[in-house]
Structures are given as structure tokens and as C-alpha cells.
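These notes are about the structure you will find just below.
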Amino acid sequence: MLNILWPIFIIISIIYAIFSGNIENLNNSIFASTESAVNLTLTLIAMICFWNGIMEIASRTKMIEHLQKLLNPLINKLFGDLNEMSKNNIIMNIIANILGLGNAATPLGLKAMKELQKDNLNKEELSDNMMMLIVLNTASLQIIPTTIIAIRGSLGSSNPTKIIFPVWISTICAAIVGIVVTKIIIRTTKK
């Protein structure tokens, strides 16, 4: 749908700029936006590479075992029966989300989903564990919203970390509501 809407918006903008005599402003904004996009992309790529490396190192050390012990009670309450590989991938995904590494969390979430699909009896439908993982990823509980801080910093914010407290409130509320609704749905579909 977006692949239809965006070209329509762009075409309408160009036509409007031509008829209103603002074609020069359109050209200037295109070049300014391109420069801004490249700078933002380089900032985010550097941050993603750094945190992906940290997550890879963590996954190869005993650190994951300590974090797993810490998160095990929560994982056992939220998810049903999990194999060790699924549990490890879910924990790494949750840790990446908590650190605000949405882009680093995506490959970890995909790995976890692939593992959960192996245990899924009905391959055409989401399992309860798969639904819970999607909800947790969508809520994206974050303690350190590094991506947002990096974006705010690259755009010249005088205080890019000012967003931390509102992010805590919104992600905690989203996670609680998402978990409760998912648990209700899971219970009602099992009856």
C-alpha cells in the first residue's frame, strides 16, 4: 500500500511545486533532504554495527547464561514450553530491545521466530509463543532508546537524551497492555 501512496504524494508535490512556482524550493529541499538522509544513515549504521558486535560477543560468552538466569522467570511466565535455542534467541532479542537497538533486535527476533516455527504444530497459524514475541517486539520495552537518541543527536537536538523518561513510560505501558491482551486472547482461544 505504501508503495502506491508515496509515489502519489511525490507526484502531487511535484505538480503543486510546478504550478505554484516553487520548483526551485523543491530542488533545494530534495538536495538538503538527501544530505540529511546520508548523514543519518551513516550515524545509524555505525551505531548498529557497534551494538550488533556487542550482542554477538555477548551471545558467545557466559554473559548470555547469566542474563538467561535473570530473565528465565519472566520468559517462563510469558511463554509456554520453549526449547533452549528459542529461549536464547528470545532473550537476546529482548535484551537488544531493552537497549533500544531495534535494528539489532530485528535479526534476533527473526531467528527466534524461525525457531518457534519449528516447534509450531500448525505451520499456517501463529503459535501462542509467536504471538507473545510479536507483541513484545512491537511494544519494544526500552531502557536506553539509543536509536532515538542517535537520531535526535544527528538532527542537532540540544538534549537528545531528554526523550528517555517518556520512552520508559510509553514502552512500559505498551508492553503491559500488549502482554495482558495477548494472554487474554490466548486463554479465550483455548476454551
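We're numbering straight along the sequence, starting at 1.
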Q | Closest contact, heavy atoms only, Ala174 versus Ala139 | A | C-CB, 3.8 Å

Q. Within a reach of under 6.0 Å around CE of Met85, are more than 12 heavy atoms found that belong to other residues, nucleotides or ligands?
A. no

Q: Taking the side chain as every heavy atom from C-beta outward, state whether Ile149 and Ile164 have any atom pair closer than 4.5 Å.
A: yes

Q: May I ask whether Ile90 and Val135 are part of the same hydrophobic cluster, defined by side-chain heavy atoms of I, L, V, M, F, W, Y residues being less than 4.5 angstrom apart, directly or through others?
A: no

Q. How long is the span from the CD1 atom in Ile169 to the CD1 atom in Ile172, to the nearest 0.5 Å?
A. 8.0 Å

Q) Between Gly178 and Thr182, which heavy-atom pair has the shortest distance, and what is it? A) O-OG1, 2.7 Å

Q. Judged by atom type as modelled, is there a donor-acceptor pair below 3.5 Å linking the side chain of Ser36 to the main-chain atoms of Ala32?
A. no

Q | Minimum-distance pair of heavy atoms, taken over all atoms of Ile134 and Met113 | A | CG1-CE, 3.4 Å

Q) Have Lys87 and Asn72 got a donor and an acceptor in their side chains that come within less than 3.5 Å? A) yes

Q.
Counting only heavy atoms not in Lys183 (residues, nucleotides, ligands), do more than 12 fall under 6.0 Å from its NZ?
A. yes

Q: Looking only at non-hydrogen atoms, find the nearest pair between Pro160 and Gly153 and report the distance.
A: CB-N, 3.7 Å

Q.
Just checking Glu24: does its CD atom have more than 12 heavy atoms from other residues, nucleotides or ligands closer to it than 6.0 angstrom?
A. no

Q) Counting only N and O atoms by type, is there a donor-acceptor contact under 3.5 Å from the side chain of Lys123 to the main-chain atoms of Lys118? A) yes

Q. Just how far is it from atom CD1 of Ile12 to atom OH of Tyr16, taken to the nearest 0.5 Å?
A. 12.5 Å

(Q) Side-chain heavy atoms nearer than 4.5 Å, only ILVMFWY residues, links allowed to pass through others: does that put Leu71 and Leu82 together? (A) yes

Q: State plainly whether one hydrophobic cluster holds both Ile186 and Val181, where clusters connect Ile, Leu, Val, Met, Phe, Trp and Tyr through side-chain heavy atoms under 4.5 angstrom apart.
A: no

Q. Does Lys111 reach the side chain of Met92, with side-chain heavy atoms less than 4.5 Å apart?
A. no

(Q) More than 12 heavy atoms of other residues, nucleotides or ligands under 6.0 Å from NZ of Lys77: yes or no? (A) no

Q.
Applying a strict under-4.5 Å side-chain criterion to I, L, V, M, F, W and Y, I'd like to know whether Phe9 and Leu26 cluster together.
A. no

Q: Could you tell me the separation between the CD1 atom of Ile14 and the CD1 atom of Ile30, rounded to the nearest 0.5 Å?
A: 6.0 Å

Q.
Rounded at 0.5 Å granularity, tell me how far OG in Ser13 sits from CG in Asn22.
A. 11.5 Å

Q: Decide whether Leu74 and Leu136 are clustered together by the hydrophobic rule: side chain heavy atoms of Ile, Leu, Val, Met, Phe, Trp, Tyr closer than 4.5 Å, transitively.
A: yes

Q | CA sep, side-chain torsions, deciding dist, call: Asn97, Leu141, side chain to side chain contact (heavy atoms under 4.5 Å, CB included) | A | CA-CA 6 Å; Asn97 274 322; Leu141 183 61; over 6 Å; no

Q. Is there a donor in the side chain of Thr161 and an acceptor in the side chain of Asn159, or the other way round, less than 3.5 Å apart?
A. yes

Q: Would you check if there is a donor-acceptor pair between the side chains of Asn120 and Gln117 at a distance under 3.5 Å?
A: yes

**Q.** Atom pair CD1/CG of Ile91 and Leu108 - distance to nearest 0.5 Å
**A.** 12.0 Å

Q: Find the distance between OG1 (Thr138) and CG (Leu133) and round it off to the nearest 0.5 Å.
A: 9.0 Å

**Q.** 4.5 Å side-chain heavy-atom contact, Asp119 and Glu115
**A.** no

